[in-house]
Amino acid sequence: MDYKVITSMEAFKPYYDKLNKASVIGVDTETTGLNPYMSKLRLIQLAYDDEVLVIDYFGVGSDINSYLSKILSGQAVKVFQNAKFDIKFLKANGIQVKGRLFDTMIAGQILRSSGGTPRVNLEGLVRHYLEEFVSKEEQKSDFSGCLTESQLSYAAKDAEVLLRLREKMVHELKRHKLVEVARLEFQCVYAIAHMEYRGIHLDISMWNKLTKKVEEEQSEILEKLYPYIGYPTVQLGFFESVEKSEINLNSNKQVIDLLKKYGLELENTSKHTLSRHLDHPIVKLLLMYRHTSKALTSFLYGINGQINPVTGRLHPHYGQIGAYSGRMSCGGPNIQQIPREDRFRSCFHAPKGRKLVIADYSQIELRVMAQITGDKRMIEAYRSGEDLHRLTASLVLEKSIDDVTKTERQSAKAVNFGLIFGMGAAGLKAYAAESYQSDMTIEEAELFRKRYFRAYKGVASWQRKIKKSLPDEERTLAGRKFVFRKDSGLSGRYNAPVQGTAADILKNALGSLVAKLPEDTYIVAVVHDEIVLECDEKKTLETASLLRRVMEEAGERYLKDVPVLAEASIADSWAGK
DNA sequence: TCAGTTCGCGCG
DNA sequence: AAAGCGCGCGAACTGA
């Protein structure tokens, strides 16, 4: 394969017009590391027609930025493997990427269950779709110094192969009717790349104060626990004395043994099991200890080290198709599981002069459910703006809507969410107790179940149909495909298209948001049915109404018979205040 | 000693 | 008849 190494602007200029006219460009970069703020962009490879340019960005310098931005924002389809990575590096160096994009990694994930390969790195995709081989990660090691012939040649091949990969994958996407979902995914790559690049602001001094506070709470709880578990002994180390307790409360094994001494024989120590014995003071204290321990180890301690020294912000990474259902996952840190308590969320506040605009969908999964099953009563309820949880309460309790109490509505909420995914009576009872502090007997749960499906006949018949046919394939409303093993149960078949369609809707919103957001307004977090923006404090009203409108329109594209509602609020922090 | 697995739990 | 789904992360545990 032929390639040209470009080390100066003069050498680049002859190719500029040809690149602007190209209809498809394979794009790859080589960098000195993984962090766009701390590592350097070394090579930019552009493959088009029968040519590959390998641009030595160290040699050419930033004079080339405006030319590359023009090319990469033009009408050509840009083909990347994991576009997010390259887009962030190009952006950090002042090179813009916009417009039509094809991401081979994401295409690979979409095609995974349609005769694709589980290995969606470049090597795996090339082997599977082209039956060829490309360099493994080890070969593209150090790009900071002098480049070898082999490094340049592998770099060129990585870009060149994208063009042929795309052709094969487009064919496969069409064959399996996955073009729409691919378009949806490609469209929101920019939103995610920009969100990761921008990060989210965490007030570290508030965070540290909260850490101290929770540590104090934990030692108070421990003081109360010592009478039951034994006081710690002070051991003299070489330089300091170390407190050492007889029992490790984090060891489930030891906790089970401990509880045995107090007459409790438990097979595990989960919250669910323990909460049946709240009358024992030790159990109550144990659960309180767990709560603080979880807060400290999972959230408070870990996060400080993850603040980017350059931006001073957190830069969580998102797995665009992180979950089987099509939902995104998040890590480093996982911003999607920060506790809802105000004292945690309020640490995520907008910087000075800026505000957060927080919007979430109202009961999106239930609305999706109504659309997918075509349930008349549910659709009617949403159309007339009824409170679906109240309606459900009145239907399963057989009383008038006005007589439904707050706690009854709370139980109905558990019924609504639980039964959709095939929960049995026992599961429903436990779920209602745990998630909604709602007490129901097993008989009540069974009765609710019966009446629920009598009331929502569309949901009942949809589930009956799935149960009977046990389909080995299902799709979301955007066409995302799920393949089920013969032996996989009902709940996955009930859940995947519902959760997946909700994910489609959110991604549709993200995709159309990118182009509409003004210059200094950023997406800073996405949590399944929620989008958080950061903007100038003077622009909050426009931003809030834009966000709400985009989210609702994204929903309406797929839910033709059910209204979609998003609620936006303006706040200083993620606690909403 | 260390990679891989399991448990428990935070979120939607 | 009975059945929640989807994640990531930290600590403990397991096995070679």
Using a cut-off of under 3.5 Å, enumerate the N/O to N/O pairs linking the protein to nucleotides 14-16 of chain C.
none

Residues which pass side chain to side chain donor-acceptor pair (under 3.5 Å) with [X], listed by chain and number, not counting sequence neighbours:
{"X": "A:Asp342", "answer": "A:Lys577"}
{"X": "A:Thr269", "answer": "A:Asn252, A:Arg290"}
{"X": "A:Tyr289", "answer": "A:Asn250"}

Is A:Gln254 reaching over with its side chain to a backbone N or O of A:Asn248, donor-acceptor style, under 3.5 angstrom? yes
Do any N or O atoms from the side chain of A:Gln320 and from the backbone of A:Glu185 form a donor-acceptor pair under 3.5 angstrom? yes
With sequence neighbours left out, which residue pairs that include part of residues 188-208 of chain A fulfil the side chain to side chain donor-acceptor pair (under 3.5 Å) condition? A:Lys84-A:Glu196, A:Lys88-A:Glu196, A:Asp203-A:Ser205, A:Asp203-A:His349, A:Asn208-A:Asn304
Taking only the C1' atom of each, what is the distance from C:dA3 to B:dG10 in whole angstrom? 24 Å
Reckon A:Gly319 touches a base, only the sugar-phosphate, or nothing at all at heavy-atom distances under 4.0 Å? nothing
What does A:Gly418 touch in the nucleic acid at a heavy-atom separation under 4.0 angstrom: a base, only the sugar-phosphate, or nothing? nothing
Compute the angle between the rotation axes at the two ends of the helix from B:dT1-C:dA16 to B:dG12-C:dC5, each taken over five pairs, rounded to 10 degrees. 20°
A:Val357 and side-chain contact (heavy atoms from CB on, under 4.5 Å): which partner among A:Ile531, A:Leu547, A:Val532? A:Leu547
How long is the line joining [atom1] of [X] and [atom2] of [N], in whole Å?
{"X": "A:Gln306", "N": "C:dG8", "atom1": "CD", "atom2": "P", "value": "14 Å"}
{"X": "A:Leu296", "N": "C:dA11", "atom1": "CG", "atom2": "P", "value": "11 Å"}
{"X": "A:Phe484", "N": "C:dC5", "atom1": "CZ", "atom2": "C1'", "value": "11 Å"}

Once rounded to the nearest 0.5 Å, what's the spacing between atom CD of A:Gln81 and atom CD1 of A:Ile106? 9.5 Å
Ignoring backbone atoms, test whether A:Ser251 places a side-chain nitrogen or oxygen under 4.0 Å from the OP1 or OP2 oxygen of C:dC13. yes
Heavy atom of residues 489-498 of chain A under 4.0 Å from DNA chain C: which residues? A:Leu490, A:Ser491, A:Asn495
Of all of residues 448-468 of chain A, which get a heavy atom below 4.0 angstrom from DNA chain C, listed by number? A:Arg449, A:Lys467
Going 5' to 3' through nucleotides 2-12 of chain B, assign each nucleotide B (protein heavy atom under 4.0 Å from a base atom), S (under 4.0 Å only from sugar-phosphate atoms) or - (no protein heavy atom that close). -----SBBBSB
Sorted by chain and residue number, the side-chain contact (heavy atoms from CB on, under 4.5 Å) partners of A:Asn35 (sequence neighbours excluded) come out as A:Tyr37, A:Met38, A:Ser39, A:Asn308
With sequence neighbours excluded, what pairs up with A:Arg549 under the side-chain contact (heavy atoms from CB on, under 4.5 Å) test? A:Leu546, A:Glu553
Can you list the steps and then say if A:His389 with A:Phe417 is a ring pair (Phe, Tyr, Trp, His ring centres under 6.0 Å)? CA-CA 10 Å; A:His389 298 316; A:Phe417 286 114; 5.7 Å; yes
Can you give the donor-acceptor pairs under 3.5 Å from side chains of residues 481-490 of chain A to other protein atoms, not counting sequence neighbours?
| unit_1 | atom_1 | unit_2 | atom_2 | d |
| --- | --- | --- | --- | --- |
| A:Lys481 | NZ | A:Ser114 | OG | 2.9 |
| A:Arg485 | NE | A:Asp487 | OD1 | 3.0 |
| A:Arg485 | NH2 | A:Asp487 | OD1 | 3.3 |
| A:Arg485 | NH2 | A:Asp487 | OD2 | 2.7 |
| A:Ser488 | OG | A:Arg485 | O | 3.1 |
| A:Ser488 | OG | A:Arg493 | NH1 | 3.2 |

